[in-house]
Participant: 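I'd like to ask you about the structure that follows.
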Number of protein chains: 2
Amino acid sequence: MSTPCHPNRTQRLPHLSVDNIVFGIIDGKLNVLIAEYNEGDAKGKKGLLGGWIGIEEDIDDAAKRLVSAITGEQDFHMEQLRAFGAPDRFHLDRVITIAYYTLVRPENYSFHAGFTADDVRWYPADGLPTLIYDHNQLVDAALEQLKRKIRFEPIGFNLLPEKFTLRQLLEVYEAILGIKLDKPNFRRKILKMNLLVDCKEKQKGVTHRAANYYRFDPVVYEKLCEHGFNFEF
Amino acid sequence: MSTPCHPNRTQRLPHLSVDNIVFGIIDGKLNVLIAEYNEGDAKGKKGLLGGWIGIEEDIDDAAKRLVSAITGEQDFHMEQLRAFGAPDRFHLDRVITIAYYTLVRPENYSFHAGFTADDVRWYPADGLPTLIYDHNQLVDAALEQLKRKIRFEPIGFNLLPEKFTLRQLLEVYEAILGIKLDKPNFRRKILKMNLLVDCKEKQKGVTHRAANYYRFDPVVYEKLCEHGFNFEF
DNA sequence: GCAAAAGTGTTTCCACTACACCCATGG
DNA sequence: CCATGGGTGTAGTGGAAACACTTTTGC
């Protein structure tokens with residue numbers, strides 16, 4: 001619940017916190033960013049990136065701040081999940097938390113020791129340790145939401161580098177949905193949407209036929225959204 | 001922001017409120033329950049059912065309490081939408097609100113004058129008056145969520161009486177989605193899901209062929225959920 | 001019989017599936 | 001040449017869209 005860069009106690013809203021479930025793909029597997037707290041009442045324990053809300057701070061900004069402090073980036077896909085407010089979710093005080101989830105590209109940066117007040121590292125989404133408070137429950141809810149959302153919006157692209165192969169994209173879907181997909185059919189379906197732009201560039205140094213690189217086209221996406229479309233696989 | 005049955009000021013959580021967007025179908029059209037406040041700083045103005053959260057109260061319970069106070073019922077479909085927390089959304093103080101939406105069956109009850117501290121009445125969802133604070137924005141977000149959700153879960157049934165005709169169900173979908181549907185195709189699709197149980201009972205006193213009554217089967221629904229299914233029309 | 005809405009049948013089309021097959025590259 | 005993964009072809013299936021048609025009821 002404590003965090004780097006948090007407003008000091010007198011400047012924060014009481015009884016309220018934000019927690020951010022940060023997802024990233026590592027070696028084709030879905031991972032979650034977990035902190036080991038170095039201060040506060042949860043010192044030595046593991047949990048989500050979390051913090052307080054400044055007295056004049058937008059709640060979305062508070063949630064973003066947590067991620068920026070770790071990655072140094074400002075630009076990532078983040079959405080509010082919902083508020084969690086069971087009276088007994090935090091034993092020392094009544095605290096309602098507003099949970100967010102974020103999709104990042106882990107290959108863009110590495111975490112330096114001492115970069116923040118807490119140690120952060122990736123854990124596979126299907127092999128998380130026991131977290132403080134109700135944080136395991138928050139992760140479960142975020143995973144569920146991610147699975148639902150990926151079926152109707154192309155949020156999967158936010159987990160990949162700008163240029164990616166169709167196999168990488170397929171693996172994102174497989175990792176999140178937890179199912180095997182048929183490669184040829186996936187390929188045809190995603191290409192027919194015209195959401196991908198051919199980079200005219202191929203993999204190098206691979207020991208098999210080089211795959212083509214594609215990138216996501218946000219303009220086409222806007223148009224498609226008008227009519228509504230379907231990402232189910 | 002003030003409400004009937006709210007905990008008094010010393011017992012509530014500061015800087016936090018709940019607001020509930022209550023939907024009901026009236027004459028085949030989607031309506032929203034709007035209060036005209038009789039007390040507090042918003043006296044005389046219109047807005048959503050809202051209130052405070054007791055210091056030991058679950059946030060879901062706080063949101064339910066608002067609806068029960070009006071309808072007298074305990075059993076209705078309610079879900080959290082999300083938290084709204086722009087610093088300037090309420091001019092007098094910093095208040096973050098947790099928004100819920102609820103589906104009710106208006107034919108089950110009528111509102112008595114004096115039943116609550118506020119006057120409440122239905123307004124068509126597409127013809128709402130200007131509401132206080134960001135409440136119009138909350139309604140828009142709830143409508144959007146409702147449209148999304150109805151495509152994958154049979155929540156539409158919560159707006160209908162226990163026994164209903166297929167036309168009534170069709171009209172719920174049309175009212176929420178804002179589109180015209182083909183009756184024969186709708187009929188086949190919904191019946192093939194086996195979600196409806198034939199009541200072996202027909203309309204009476206209508207000036208045309210009497211429609212059959214059906215009811216929703218929650219047991220079949222549970223089974224269908226396992227595999228995931230699709231309510232898109 | 002007529003109007004109105006319930007309910008059925010039928011055709012067309014397109015999208016998803018499953019799986020066989022060919023292509024490019026490094027070793 | 002082989003192994004590996006990239007990428008294409010194709011037959012079969014099922015569901016959705018469109019719309020013509022038949023049935024039941026009150027007046």
Side-chain angles (χ1 to χ4, degrees), chain A residues 25 27-29 150-152 154 160-161 163-175 177 179-215 224 227-233, chain B residues 25 27-29 150-152 154 156 160-161 163-175 177-215 224 227-233:
Chain A
I25 301 278
D27 296 333
K29 305 209 75 173
I150 205 178
R151 292 162 59 198
F152 314 108
L160 290 174
K163 294 175 181 182
F164 52 86
T165 67
L166 289 178
R167 166 163 294 259
Q168 284 179 291
L169 185 58
L170 178 130
E171 282 172 349
V172 167
Y173 278 84
E174 287 185 337
L177 297 174
I179 52 173
K180 270 282 166 197
L181 297 171
D182 183 86
K183 218 187 340 160
N185 294 335
F186 177 85
R187 174 182 191 77
R188 263 186 296 261
K189 172 154 182 176
I190 204 90
L191 284 178
K192 191 159 44 179
M193 291 176 188
N194 283 316
L195 264 179
L196 299 190
V197 180
D198 188 339
C199 293
K200 312 276 187 198
E201 194 182 331
K202 289 192 185 301
Q203 279 180 318
K204 278 174 186 140
V206 286
T207 173
H208 52 76
R209 178 171 176 179
N212 203 357
Y213 281 117
Y214 292 89
R215 56 185 177 77
L224 281 175
H227 311 306
F229 60 116
N230 201 330
F231 269 85
E232 280 182 274
F233 291 99
Chain B
I25 301 278
D27 298 332
K29 304 208 75 174
I150 204 178
R151 292 162 58 197
F152 314 108
L160 290 174
K163 295 175 180 181
F164 52 85
T165 66
L166 289 177
R167 165 165 294 260
Q168 284 179 291
L169 185 58
L170 178 130
E171 281 172 350
V172 166
Y173 277 84
E174 288 186 336
L177 297 174
I179 52 172
K180 270 283 165 197
L181 297 171
D182 182 86
K183 218 187 340 159
N185 293 335
F186 177 85
R187 174 183 191 78
R188 264 186 295 262
K189 173 154 181 175
I190 203 91
L191 284 178
K192 191 159 45 179
M193 290 176 189
N194 284 315
L195 263 178
L196 299 191
V197 180
D198 188 338
C199 293
K200 312 276 186 197
E201 195 182 331
K202 289 193 184 301
Q203 279 181 317
K204 276 173 189 142
V206 286
T207 173
H208 54 74
R209 179 171 174 178
N212 203 358
Y213 281 117
Y214 292 89
R215 57 186 176 77
L224 281 174
H227 311 306
F229 60 116
N230 201 329
F231 269 84
E232 279 184 273
F233 292 98

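In what follows, chains are A, B, ... by sequence order, proteins preceding strands, each numbered from 1. What you are looking at is a predicted structure, and each value in this text was computed from that prediction instead of being measured.
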Participant: Do the non-hydrogen side-chain atoms of B:L169 and B:L160 ever get within less than 4.5 Å of each other?
Facilitator: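 With C-beta onward as the side chain, the pair touches.
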Participant: Return the value, rounded to whole Å, for the distance between atom CZ of A:F186 and atom P of D:dG7.
Facilitator: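 Those two atoms, CZ and P, are 12 Å apart.
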Participant: Of all nucleotides in DNA chain C that come within under 4.0 Å of a heavy atom of chain A, which is furthest toward the 5' end and which toward the 3' end?
Facilitator: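 With heavy atoms of chain A under 4.0 Å away, the range is C:dA15 to C:dG26.
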Participant: If you take the centroid of each ring, where Trp contributes its six-membered ring, are B:F152 and B:F231 closer together than 6.0 Å?
Facilitator: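 Centroid separation for B:F231 and B:F152: 6.0 Å or greater.
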Participant: Go through B:Y214 and B:V197 one step at a time and tell me if the side chain to side chain contact (heavy atoms under 4.5 Å, CB included) criterion holds.
Facilitator: CA-CA 5 Å; B:Y214 292 89; B:V197 180; over 6 Å; no
Participant: Go through B:K29 and B:E174 one step at a time and tell me if the side chain to side chain contact (heavy atoms under 4.5 Å, CB included) criterion holds.
Facilitator: CA-CA 9 Å; B:K29 304 208 75 174; B:E174 288 186 336; over 6 Å; no
Participant: Step by step, work out the side chain to side chain contact (heavy atoms under 4.5 Å, CB included) result for B:D198 and B:N212.
Facilitator: CA-CA 8 Å; B:D198 188 338; B:N212 203 358; 3.0 Å; yes
Participant: Is the backbone of B:Y213 close enough, under 3.5 Å, to the side chain of B:E201 for a donor and an acceptor to pair up by distance?
Facilitator: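 Checking the backbone N and O of B:Y213 against the side chain of B:E201, no donor-acceptor pair under 3.5 Å is found.
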Participant: How would you summarise protein contacts on nucleotides 9-17 of chain D per nucleotide, using B for base, S for sugar-phosphate only and - for none, with heavy-atom distances below 4.0 Å?
Facilitator: BB-----SB
Participant: Tell me if a side-chain donor or acceptor on A:K192 pairs with a main-chain N or O of A:R187 at a distance below 3.5 Å.
Facilitator: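 Flag not set: sc A:K192 to bb A:R187 has no pair under 3.5 Å.
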Participant: Applying side chain to side chain contact (heavy atoms under 4.5 Å, CB included), run through A:E232 and B:N230 and close with a yes or a no.
Facilitator: CA-CA 11 Å; A:E232 280 182 274; B:N230 201 329; 3.6 Å; yes
Participant: Which parts of residues 197-205 of chain B get close to DNA chain D, meaning a heavy atom less than 4.0 angstrom away?
Facilitator: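 Result for residues 197-205 of chain B: none.
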Participant: Within less than 4.0 Å of OP1 or OP2 of D:dG5, is there a side-chain N or O belonging to A:K183?
Facilitator: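 No, because none of the side-chain N or O atoms of A:K183 sits under 4.0 Å from OP1 or OP2 of D:dG5.
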Participant: State, with a plain yes or no, whether a side-chain heavy atom of B:L195 is found less than 4.5 Å away from one of B:I190.
Facilitator: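 Not in contact.
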Participant: Which part of the nucleic acid does A:R187 contact within heavy-atom distance under 4.0 Å: base, sugar-phosphate only, or nothing?
Facilitator: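 It contacts base atoms.
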Participant: Among D:dT25, D:dG7, D:dT4, which nucleotide sits nearest the side chain of B:A210?
Facilitator: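 The answer is D:dT25, which lies nearest to the side chain.
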Participant: What integer distance in Å separates B:N212:CG from D:dT24:P?
Facilitator: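 Rounded to whole Å, this separation is 13 Å.
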Participant: Are A:K183 and A:R167 close enough that some pair of their side-chain heavy atoms sits under 4.5 Å apart?
Facilitator: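 Yes - at least one pair of side-chain heavy atoms lies under 4.5 Å apart.
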Participant: Between atom CZ in B:R209 and atom P in D:dT25, what is the gap in whole Å?
Facilitator: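 My rounded result for the distance is 7 Å.
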Participant: Calculate, to the nearest 0.5 Å, the distance between atoms CG and CZ belonging to B:L170 and B:F164 respectively.
Facilitator: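 Interatomic distance, B:L170 CG to B:F164 CZ, rounded to 0.5 Å: 12.0 Å.
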